[in-house]
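The structure appears right after this line, and notes come after that.
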Amino acid sequence: MMPAARESLLDAAYTALARRPWSAVRMVDVAAVAGVSRQTLYNEFGSKEGLARALVRREADAYLAGVERALASHTEPRERLAAAAEWTVSAARGNVLVRAMLTGCWSDRLPAPTLKAVPSSSAVPAQRRADGPLPSPGDFVALVRDRAVAALTPPGGSKAQTAELARAGEFVVRLGLSCVVAPAGENGTSALVRDALATVRAMS
């Protein structure tokens, strides 16, 4: 199957999830919306569980791609970190699967695939990846932290600089996650992150 067709099936599954609990989403309906046969859907994902894993993996990848865009959106490191935190909050607000992945709180309406790898006999590379481990909230903290370090470490940066950026990156993503659970005040997440980083710097 072409990647575009796989994306169409995942889009159809996500749209169905927005309208009804995952337990009520039927494979035949997902296939029909995407304009393929049910057998094609099963060939691509293996099962409804496989479809759920692929959907979660896609949304995780999209969130992390957004983190990378946010980290590249400014020149000043503090602004780049603030943008990453702001993206974390907006992504969680706009996508129920991202919110569940970041917080570990999966409602009864959502699929709840095990985060551990599952046996995979799929011939589809993208599905074999989806059948591998899925990120936990703690994994996301590490993934965002590492992306912040990669984006912000200057050429020839010292180990001390890298360590400081790692601490700042983890601090910011955890602050962003706290704003997912308890929204920031009227000034928003970005202002909260900027103020927090300035305070930490002033105290150090």
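Sequential numbering from 1 along the given sequence is applied to the chain's residues.
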Say whether, by atom type as modelled, one donor and one acceptor occur between the side chain of [X] and the main chain of [Y] under 3.5 angstrom.
X    : Y    : result
R128 : S122 : yes
R53  : G132 : yes
R99  : A92  : no

Exercise. Does the pair K48 and R26 meet the rule for a side-chain contact (heavy atoms from CB on, under 4.5 Å), with working shown?
Worked result: CA-CA 8 Å; K48 189 177 179 182; R26 301 193 309 161; over 6 Å; no
Find the distance between [atom1] ([X]) and [atom2] ([Y]) and round it off to the nearest 0.5 Å.
X    : Y    : atom1 : atom2 : result
E164 : S158 : CD    : OG    : 8.5 Å
E59  : N95  : CD    : CG    : 4.5 Å
W106 : L115 : CH2   : CG    : 7.0 Å
T153 : L165 : OG1   : CG    : 4.5 Å
R194 : E86  : CZ    : CD    : 8.5 Å
Y63  : S90  : OH    : OG    : 9.5 Å

For this session: Go through the steps to decide whether S37 and Y42 satisfy the test side-chain hydrogen bond (donor to acceptor under 3.5 Å, both in side chains), and finish with yes or no.
Result: CA-CA 9 Å; S37 69; Y42 277 101; over 6 Å; no
If we only count heavy atoms from C-beta on, is the [X] to [Y] side-chain gap below 4.5 Å?
X    : Y    : answer
E68  : L64  : no
L134 : T114 : no
V67  : L143 : no
V89  : P183 : no

Using the rule that two of Ile, Leu, Val, Met, Phe, Trp, Tyr join whenever any of their side-chain heavy atoms come within less than 4.5 Å, decide whether [X] and [Y] are in one cluster.
X    : Y    : value
W22  : V56  : yes
L177 : V144 : yes
V25  : V36  : yes
L9   : V33  : no

Seminar exercise, completed: Those residues at least two apart in sequence (or on a different chain) that pass salt bridge (Lys or Arg N to Asp or Glu O under 4.0 Å) with D61 are R57, R129
Exercise. Under the side-chain contact (heavy atoms from CB on, under 4.5 Å) criterion, do L81 and V173 qualify, and how do the steps go?
Worked result: CA-CA 8 Å; L81 289 169; V173 69; over 6 Å; no
Exercise. side-chain contact (heavy atoms from CB on, under 4.5 Å) between V124 and R6: does it pass, once the steps are laid out?
Worked result: CA-CA 10 Å; V124 180; R6 182 179 175 90; 3.8 Å; yes
Exercise. When you check the side-chain N and O atoms of S136 and D139, is any donor under 3.5 Å from an acceptor?
Worked result: yes
For this session: Start with the C-alpha gap between F45 and L55, add the side-chain angles, then the distance that decides, and say whether side-chain contact (heavy atoms from CB on, under 4.5 Å) holds.
Result: CA-CA 10 Å; F45 299 101; L55 186 57; over 6 Å; no
Problem set entry | The single option from V193, T88, L192 passing side chain to side chain contact (heavy atoms under 4.5 Å, CB included) against C179 | L192
For this session: State, to 0.1 Å, how close A123 and P125 come at their nearest heavy-atom pair, and which atoms those are.
Result: O-CD, 3.4 Å
